[in-house]
Amino acid sequence: METDDTMYILGLAFGFHDASAALLSDGEVVAAALEERFTRRKHDPDLPRRAIDYVLSEGRITSADLDTVVLHESAPKKFDRVVHSAASNLPAGAAYLEKTVRSWMAHGKFDVRRRVADAVGVPLDRIHSVEHHAAHAASAYFASAFDSATVVTMDGVGEYEAATVWTGRGSRLEKLYSMNIPHSLGLFYSAFTAFLGFEVNEGEYKVMGMAGFGDPRSVDRIVPLLRLEDDGMLSLDTGYFEFLTPEDRPYTSRLTDLLGPARTPDSPFSVGDRQRPASSDLETTSRHYADLAASVQSVVEQAIFHVVESAVRRTGLPDVCLAGGVALNSLANGKLQRRMSGRLYVQPAAGDAGTSLGAALFYAHAERALPRRGALTTAFLGPDYGQDDVDAALRRGSVRRSHRFEEEDELLRTVARRLAEGAVVGVCRGRFEWGPRALGARSILANPTIPEMQRLVNEKIKFREPFRPFAPAVLDDRAREFFDLLPPFGLESPDYFMISVANVHAAKRRVIPAVTHVDGTARVQLVSRATNPWFHRLIACFDELTGVPVVLNTSFNLRGEPIVASPWDALWTFGWSGMDVLVLGNVLIEKSELS
C-alpha cells in the first residue's frame, strides 16, 4: 500500500482575540481562516474549532494525517509575564492576577497543549509551540518573495516582547534584538485609541481615519511620552500608561492632565469647514480630537521609521518584512515605502490572526528545514460555497425572485451597469479573504465618482461613523493614472492587499471623491487579472461604462459584525442594510425583490 509522505502542519492562534487556523502541505499554504467568520462573533478568541475543521477539509485530510500542530505562543512564558507584572504593581496587581488566573482556568490555558490535543484529536507529543513574535516574523518573511530581508515585528505584547528585529536568509530566521513590555508601540497606539473613544483592538483604524481631519498640533506634547533610543528601539514614559495590570483603561490620569478629558465613545463628530473658525461647540471639540489623532499618528509614524531604518542599518539588508498589529497601520506603511531603498512586504493578516500561519511556517522552515514554496500572492484562502449553498440561502430567506446567470460576462456587465447607475452592490463569491480586508470576494462595492456615496455607504449601509474612509479598488495597470504609487515589486506588494495608503493625484480627486479621504489620500487596492480575475473583469466592465477603472470597495459587514462568510450570512446582512443589489455566486438579487 502506498503511503502519503506529505508533511501536514496545522498552525493555531487563539486565547486573546482573532483566533485562526492555517494548514500547510509540505510548507505550502493550503488554507487559512479566522474563527469569527464561522461563529459570527467579532474577534472570536476561542479555540478555532470551525476554522480547524475547514482547513482540514480544504486539505482533504483528517487530524490523523497531521504531522504537527503548532501554537502561536508559549503559554508558560506568557503567564510568567502576567505574574511578574502583577508583582510589580502591588496591591492593585493582586486583583489583576486573580482575574487572570480565573480567566485562564475557565478557558483551559494552563494546560493548553492537552486541550488542543483533545480538541484536534492528535497525540500530545505532536503539539508544539513557538514564541509569539517568532510566529509574527515567520508569517512575514516566509510568505515573502525575498531571499534575504530585515524582519521587524511590532505589536502590543507577546510573552514579554513588544517588538523584535530579525534577519531572514533563505530558510533561516535569526533574532537580533527585541524590546519588552511596557515599552510597546502597539500598546501606545491602543492607549490613544481608547483615549479617543474607540475600542482597543478594533478602533485603531478609526484613529487613522480621524487623523485625516486634523493637524498634528499636539506633537510637541506627545513626543516626550515616547523616546527614540540610540539602540534602534524606543521607550515610553510609563507614568502616563497602565499596560502591566490594566483595569478600566490603558492610560493614567496623567494623560488626561496633559491632553484634557478623553473623548466620550460614540459621541458626535463634525469638524465643519476647516478653513473657517469653528461655528459650534461640536466643531471645536471634534477638531481638538482630530488634531490629537493626527498628532498621535505622526508620532507613531516617526517611531516606526526609527525602528525599521535602524534595523536596516544594523542588518545591511534593504528589503523589509513587517508584521504585528502595528504593520496594519496603512498610513505609516505608505510613507515607509517611499523612504526605503528596498522593498516592503506586509502579510495580509499581519495582526495576531496571522500568527497561526506564522507558527506553521516557522516550524516548517526554521525547525524542519522544508524548502520555501514561493511568495503568498493571494489572500483568498477561506472556503468557497457552491451552488447548493446559494440555493439553500435563497430558500431560507424566502427570496421571491432572483436572476441566475449562465454566462459570467452577462453577470459582470449587469453588475457594472448597476454600479454605474449608483446602486450599492454586495458580493459574495469564491473563496473568502485571509485577514481584515475584503478584496472583492466578500465586498460591498459602489460608484466612486458620486460625491455622496461615501456618506451614504457609511450611514445607511455600514451604520458606522461618517468620517470613515473607503478604499479604491483599481486595475493594477491603470492605477498610476489616479494614485501616486511606487512601481509594485510583484503580486505580493502591500498595495494588492489594501494595507498601504497613497496620495490621490490632485486632478483625479474630483473624479473619484467617494474614495478620496479628506486629506487627499486613499488606501489603494491594486487588482490583478492573474490573482483576482473576476473582480478585475468587473472593474474593467465598469471602466467601459464610465471611463473610470476604479470602484469603491469596503468589507461586507455591518458595524460590529465580522465580514460575511456564507451565502446566508450575505443574504441576512443584505436584508438588514441599505444595499441595492446582492451577488451570490452567479445569482443576482435586487433589494426590491426580497420578500
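With sequence neighbours left out, V223 forms a side chain to side chain contact (heavy atoms under 4.5 Å, CB included) with V219, V299. Remark: T153 engages H133, T164 in a side-chain hydrogen bond (donor to acceptor under 3.5 Å, both in side chains) (not counting sequence neighbours). Residues satisfying the side chain to side chain contact (heavy atoms under 4.5 Å, CB included) criterion with A138, sequence neighbours excluded, are F142, L173, L361, F362. The ring-ring contact (aromatic ring centres under 6.0 Å, His included) check on F146 picks up F489, with sequence neighbours excluded. F195 is linked by a ring-ring contact (aromatic ring centres under 6.0 Å, His included) to Y251, counting only residues two or more places apart in sequence or in another chain. Checked against side-chain hydrogen bond (donor to acceptor under 3.5 Å, both in side chains), T256 has no partners two or more places apart in sequence or in another chain. Annotation: side chain to side chain contact (heavy atoms under 4.5 Å, CB included) contacts of E309 (sequence neighbours excluded): F305, R313, R339. Partners of F192 according to the ring-ring contact (aromatic ring centres under 6.0 Å, His included) rule, which considers only residues two or more places apart in sequence or in another chain, are F188. With sequence neighbours excluded, the residues forming a side-chain hydrogen bond (donor to acceptor under 3.5 Å, both in side chains) with K175 are E161, listed by chain and number. With sequence neighbours excluded, the residues forming a side chain to side chain contact (heavy atoms under 4.5 Å, CB included) with A471 are M498, R523, listed by chain and number. When the ring-ring contact (aromatic ring centres under 6.0 Å, His included) test is applied to F467, the partners found at least two apart in sequence or on another chain are F269. Remark: D484 pairs with no residue by the side-chain hydrogen bond (donor to acceptor under 3.5 Å, both in side chains) rule, at least two apart or across chains.
Atom OG1 of residue T378 and atom CG of residue L491 lie 9.5 Å apart, to the nearest 0.5 angstrom. Taken from CG in L226 to CG in L234, the straight-line distance is 5.0 Å, to the nearest 0.5 Å. Rounding to the nearest 0.5 angstrom, the gap separating the CG atom in D80 from the OH atom in Y160 is 3.5 Å. Rounding to the nearest 0.5 Å gives a distance of 7.5 Å between CG of D266 and CZ of R263. Here CG of D352 is found 11.0 Å from NE2 of H43. Values are rounded to the nearest 0.5 Å. The CZ atom of R455 sits 4.5 Å away from the CD atom of E452 when rounded to the nearest 0.5 Å.
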Please test F243 against L236 for side chain to side chain contact (heavy atoms under 4.5 Å, CB included), starting from the C-alpha separation and ending with a verdict. CA-CA 11 Å; F243 298 151; L236 304 185; 3.5 Å; yes
Verdict with reasoning, S443 to N553, per side-chain hydrogen bond (donor to acceptor under 3.5 Å, both in side chains): CA-CA 6 Å; S443 288; N553 180 17; 2.7 Å; yes
Start with the C-alpha distance between S144 and E492, add both sets of side-chain angles, then the distance that settles side-chain hydrogen bond (donor to acceptor under 3.5 Å, both in side chains), and finish with yes or no. CA-CA 7 Å; S144 78; E492 69 277 9; over 6 Å; no
List the steps, then state whether side chain to side chain contact (heavy atoms under 4.5 Å, CB included) holds for L196 with L292. CA-CA 8 Å; L196 290 167; L292 280 179; 4.2 Å; yes
Check step by step if side chain to side chain contact (heavy atoms under 4.5 Å, CB included) holds for E159 and R81. CA-CA 6 Å; E159 292 83 2; R81 185 253 299 169; 5.8 Å; no
Could you please spell out the steps behind the salt bridge (charged side-chain N to carboxylate O under 4.0 Å, His left out) verdict for K206 and E465? CA-CA 9 Å; K206 300 178 185 181; E465 299 87 353; 3.0 Å; yes
Run F198 and V207 through side chain to side chain contact (heavy atoms under 4.5 Å, CB included) and show every step you take. CA-CA 8 Å; F198 304 121; V207 176; 3.8 Å; yes
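Between the side chains of E229 and S235, at least one donor N or O sits under 3.5 Å from an acceptor N or O. For N329 and Q297, the side-chain atoms include at least one donor-acceptor pair closer than 3.5 Å. Judged by distance alone, the side chains of S555 and K462 do bring a donor and an acceptor atom under 3.5 Å apart. No side-chain donor from either of E73 and T355 sits under 3.5 Å from a side-chain acceptor of the other. A donor-acceptor contact under 3.5 angstrom links the side chains of T150 and T315, judged on distance only. Using a 3.5 Å distance cut-off with no hydrogens or angles, the side chains of E35 and S20 do not pair a donor with an acceptor. In this structure, a donor-acceptor pair under 3.5 Å is absent between the side chains of R468 and N458.
Smallest separation of non-hydrogen atoms from I563 and R37: O-NE, 3.0 Å. F16 approaches P45 most closely through the heavy-atom pair O-CB, 3.2 Å. Summarising the geometry of P348 relative to L328, their closest heavy-atom pair is O-CD2, 4.4 Å, with the distance given to 0.1 Å.
S295 contributes a side-chain N or O that, together with a main-chain N or O of S218, makes up a donor-acceptor pair within less than 3.5 Å. In this structure, S139 contributes its side chain and G358 its backbone to no donor-acceptor pair below 3.5 Å. Using modelled atom types, no side-chain atom of T285 and backbone atom of L282 make a donor-acceptor pair closer than 3.5 Å. With hydrogens and angles ignored, the 3.5 Å screen pairs a side-chain donor or acceptor of H505 with a backbone N or O of R480. Checked by atom type and distance alone, the side chain of R169 never pairs as donor or acceptor with a backbone atom of S148 at under 3.5 Å.
Aromatic ring centroids of H517 and F470 lie 6.0 Å or more apart.
We find that D495 and R437 are not joined by a salt bridge, their nearest charged nitrogen and carboxylate oxygen being 4.0 Å or further apart. Classification of R274 and D291 as a salt-bridged pair holds, one side-chain N sitting under 4.0 Å from a carboxylate O. Between E561 and K42 there is no salt bridge, since no side-chain nitrogen of the basic residue lies less than 4.0 Å from a carboxylate oxygen of the acidic one. Between D273 and R276 there is a salt bridge, since a side-chain N of the basic residue sits under 4.0 Å from a carboxylate O of the acidic one.
Checking each of F497, F535, Y496 against Q525 for a side-chain contact (heavy atoms from CB on, under 4.5 Å) leaves exactly one that passes, namely F535.
Applying the 6.0 Å contact sphere to CG of D147 captures no more than 12 heavy atoms from other residues, nucleotides or ligands. The local environment of CZ in R338 is crowded, with over 12 non-hydrogen atoms from other residues, nucleotides or ligands closer than 6.0 Å.
Below 30°, between 30° and 60°, or above 60°: for H136 and H132 the angle between ring planes is above 60°, a perpendicular geometry.
Side-chain contact between R442 and F380 is absent, with no heavy atoms from C-beta onward closer than 4.5 Å.
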